[in-house]
Participant: 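Before anything else, here's the structure in question.
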Number of protein chains: 2
Amino acid sequence: MNVHEPERRLVTLADVARAAGVGESTVSRVLRNQGSFSKRTQDRVAEAVARLGYVPNRLAGMLAGSGSTAGAKLVGIIIPSLTNIVFPDLLRGATAALDRDGFQSVIGVSDYDPEREEALIGALLSWRPAGLIVTGLEHRAGSVARLRASGIRIVEMIDTDGTGLDIVVGFSNRAVGCDSARHLIARGYRRIGYVGHDITLDLRAAKRLTGFRETLAEAGHPLAETEIAPGPSSAAAGRAALGRLLAARPDLDAVYFSNDDMALGGYFHCLADGIAVPERLALFGFNALDIAAAMPQPLTTIRTPRLEIGAVAAERLTAGGPAETVDLGYELIPGATA
Amino acid sequence: MNVHEPERRLVTLADVARAAGVGESTVSRVLRNQGSFSKRTQDRVAEAVARLGYVPNRLAGMLAGSGSTAGAKLVGIIIPSLTNIVFPDLLRGATAALDRDGFQSVIGVSDYDPEREEALIGALLSWRPAGLIVTGLEHRAGSVARLRASGIRIVEMIDTDGTGLDIVVGFSNRAVGCDSARHLIARGYRRIGYVGHDITLDLRAAKRLTGFRETLAEAGHPLAETEIAPGPSSAAAGRAALGRLLAARPDLDAVYFSNDDMALGGYFHCLADGIAVPERLALFGFNALDIAAAMPQPLTTIRTPRLEIGAVAAERLTAGGPAETVDLGYELIPGATA
DNA sequence: AATCAGATTGGCAGCGCTGCCAACATCTGG
DNA sequence: CCAGATGTTGGCAGCGCTGCCAATCTGATT
């Protein structure tokens, strides 16, 4: 497979043109189904392409096409993580929409590191994409400078709490926190705690917590206690953290989790310790994971339109509309745990 | 942000050269830190780059560099899904290793569709990558033809049960099935059932089932019953499917699941129905999800070296060794459910 | 039969960068 | 002071494709 005849040159468009007995530009037009050409020409080109096994070189195509109206059918996407299923979902939504419009995407994963995000922005811009989709509204000064200087469309997705550079697609994490608090208060819970993962990295989780905390305070039942697990969110972290939280405050009657992974861990802790949910302790999550819905008692959580956010981000990016913020909202799923 | 001075041309290498008062090739050498140049030149180039905000055009770079020894520092990766956390994990492992070697990656998601895989292979090859990482050993004839004709290194990952085109990195899914069966038999389970998702799409799951079934038969306790949920794996599907399986065969004492997602759903079914695990019914999964380890009773499952598979796949691809199969093995995690 | 709009086609100059090579510059030792 | 080795540097031809434009062909019309 890998030991080939010495550097066999790959088939080029010129080879196809020669084989089909037509000009290069004719082949190019046929292949892109653009401009006009006769049925006969089309067949001959198709035959030559098949016979020679021609694969277009997109690198060359994009280079040549750059600067023109058509431009590069390419967008870059930067997400902070692949571990949390949320981001693959955003990716799915975006790439599906992008595919439909004939766009390719190049993906970067920042690991929640703003510095790495800046480096990735540079790396993705060097592909000369038509646009860039990034996560969240907070970026280093250098990142913002690069994005601005690039002159391309930018979509910041997921979060609408703040000012965007260009297009923003998402929902208000702050409002999610507020609504979550209101729900718990309305259900009669009064001694409420919080279990989260590293908030300095996941700024959206921090915003939810802020909204949550403020609403509780306004209601006259301030957040009783918080427990932050180091590192990224996971069921194991949630389970351990809820244990610690309850050890410190056995009197809590409800706990708000930074997301469903953590909440699932919390639920497991309750099962293991024989804590009745929601009678003795109510649990509230975030993100409506599939798994959370399959639990014996469906988790009370917030469903966010992840696929839709990705899709709308992609559409707005390629559509060429004005700079604006699109709030796609969210939905509270009552469940059985709070 | 998006309304710029009419088509401001982006800064090119030539602009930098002019600004720094040196030749283009000199700037190119400095930027790639290749060849020799004086400290003074380096500083002047660095200054010009910073002042003009130059971003190299990788498209042009790769085009120009193609055909040479250095070649394109790019690899394509095709995975069947983003929904199952397994594949983002493989991606993480691969991209981490790739980054280290200065490679970029372009990703394609086939949705378990062989036809789409073939299309993706074409799309990725058009980037003229140095190599391609695909999932599994089974591909359409057209896909194989394209891969062979490409002349680049190919890695097929995850599965070692069969013949690869070039490099293969993974483990034996068949052996996983066999070992899972042996474990259950050794623990004294006799009336064993299977709950899976769509096997026609997920060929690796099918191989595990084959190994599992054969080993049970050899042990004299053939697989009692199978229940296949339509669609992809999920906790909800696993929960529902286990319900159906037990309705048909209430006498089962153990169930093997196509993966941990499904098993988790099965566990939830047991919790909801008050079925004692593992006394009344034992559960056995596959893939060692984080969540499964956080359950009140850790799931008995198989840990697969996902990150490592991705990493080794990337390393082998770029290293230039011989075509061979690398079996990275797996590990049975005893857990408490079987 | 001549004319004309529209369809079809080919030639060729780039797109921005890298590889190659020749041209210098600088440094050794004899 | 010079040949030879080593270190630096710039010029320029592509890489494979697309955009543009002029050339050619077609059929219909007058």
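For the numbers below, each heavy atom of this structure counts, side chains included, while hydrogens, waters and symmetry mates do not. Residue numbering restarts at 1 for every chain, and letters A, B, ... go by the order of the sequence lines.
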Participant: Given Val169(B), which partner from the list Val312(B), Leu317(B), Asp159(B) fulfils the side-chain contact (heavy atoms from CB on, under 4.5 Å) test?
Facilitator: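 Going through Val312(B), Leu317(B), Asp159(B) one by one, the side-chain contact (heavy atoms from CB on, under 4.5 Å) with Val169(B) is satisfied by Val312(B) alone.
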Participant: Let me know the distance between CG of Asp43(A) and P of dT8(C), rounded to the nearest Å.
Facilitator: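 Taking atom P of dT8(C) as the reference, CG of Asp43(A) is at 13 Å.
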Participant: Rounded off to whole Å, could you give me the CG-to-C1' distance for the Leu13(A) and dG11(C) pair?
Facilitator: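 Rounded to whole Å, this separation is 14 Å.
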Participant: Within the pair Ser38(B) and dT8(D), is there a side-chain N or O less than 4.0 Å away from OP1 or OP2?
Facilitator: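 Checking Ser38(B) against dT8(D): no side-chain N or O falls below 4.0 Å of OP1 or OP2.
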Participant: In this structure, how many angstroms lie between the P atom of dT18(C) and the CG atom of Leu31(B), rounded?
Facilitator: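 Those two atoms, CG and P, are 8 Å apart.
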Participant: Starting at the 5' end of DNA chain D, which residue's closest nucleotide do you reach first, Val11(A) or Val22(B)?
Facilitator: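 Here Val22(B) is the residue nearer the 5' end.
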Participant: Check whether the side chains of Ser150(B) and Arg146(B) place a donor and an acceptor atom closer than 3.5 Å, and report yes or no.
Facilitator: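 No donor-acceptor contact under 3.5 Å links the two side chains.
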Participant: Do any side-chain nitrogens or oxygens of Arg32(A) fall under 4.0 Å of OP1 or OP2 in dG19(D)?
Facilitator: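 Affirmative; the distance criterion is met.
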Participant: Let's see if you can work this out: which of dC12(C), dG19(C), dG16(D) has an atom nearest to the side-chain heavy atoms of Ala64(A)?
Facilitator: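 That would be dG16(D).
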Participant: Could you tell me how far apart Leu52(B) (CG) and dG16(C) (P) are, to the nearest whole angstrom?
Facilitator: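 It works out to 15 Å between those atoms.
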Participant: Regarding Glu118(B) and His139(B), do their side chains bring together a donor and an acceptor under 3.5 Å, going by distance alone?
Facilitator: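 Checked: Glu118(B)/His139(B) side chains show no N/O donor-acceptor pair below 3.5 Å.
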Participant: Could you check how far NZ of Lys39(B) sits from P of dA25(C), rounded to whole Å?
Facilitator: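 Atom NZ in Lys39(B) sits about 23 Å away from atom P in dA25(C).
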Participant: Do Arg29(A) and dG19(D) share a donor-acceptor pair, side chain to base, under 3.5 Å?
Facilitator: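 For Arg29(A), whose side chain was compared with the base of dG19(D), there is no donor-acceptor pair (under 3.5 Å).
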Participant: Any side-chain donor paired with an acceptor under 3.5 Å for Thr41(A) and Ser38(A)?
Facilitator: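 Looking only at side-chain atoms, Ser38(A) and Thr41(A) do form a donor-acceptor pair, the distance falling under 3.5 Å.
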Participant: Expressed in angstrom and rounded to an integer, what is the separation of Arg44(B) atom CZ from dG10(D) atom C1'?
Facilitator: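 Distance, rounded to whole Å: 13 Å.
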Participant: Does Thr26(A) put a side-chain nitrogen or oxygen below 4.0 Å from OP1 or OP2 of dG10(C)?
Facilitator: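 Yes.
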Participant: Return the value, rounded to whole Å, for the distance between atom CG of Leu59(B) and atom P of dT18(C).
Facilitator: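 Atom CG in Leu59(B) sits about 12 Å away from atom P in dT18(C).
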Participant: Using only side-chain N and O atoms of Ser28(A), determine if any of them is under 4.0 Å from OP1 or OP2 of dT18(D).
Facilitator: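 Ser28(A) to dT18(D) OP1/OP2: side-chain N or O found under 4.0 Å.
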Participant: Measure the distance from CD on Glu24(A) to P on dC21(D) and round it to the nearest whole Å.
Facilitator: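 So the two atoms are 19 Å apart, to the nearest Å.
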Participant: Taking only side-chain N and O atoms of Ser36(B), does any of them lie within less than 4.0 angstrom of OP1 or OP2 on dT8(D)?
Facilitator: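 Affirmative; the distance criterion is met.
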Participant: Check the pair Ile78(B) / Ile121(B) against side-chain contact (heavy atoms from CB on, under 4.5 Å), numbers first and verdict last.
Facilitator: CA-CA 8 Å; Ile78(B) 299 180; Ile121(B) 288 173; 3.6 Å; yes
Participant: With sugar-phosphate meaning primed atoms plus P, OP1 and OP2, does Thr12(B) contact a base, only sugar-phosphate, or nothing at under 4.0 Å between heavy atoms?
Facilitator: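 Contact class for Thr12(B): sugar-phosphate only.
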Participant: Is a donor-acceptor pair below 3.5 Å formed from side chain Arg128(A) to base dG16(C), judging by atom type as modelled?
Facilitator: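 No pair found.
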Participant: Between dG16(C), dC17(D), dT9(D), which nucleotide has the shortest distance from any of its atoms to the side chain of Ala60(A)?
Facilitator: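 Taking heavy atoms from C-beta onward, the closest nucleotide is dC17(D).
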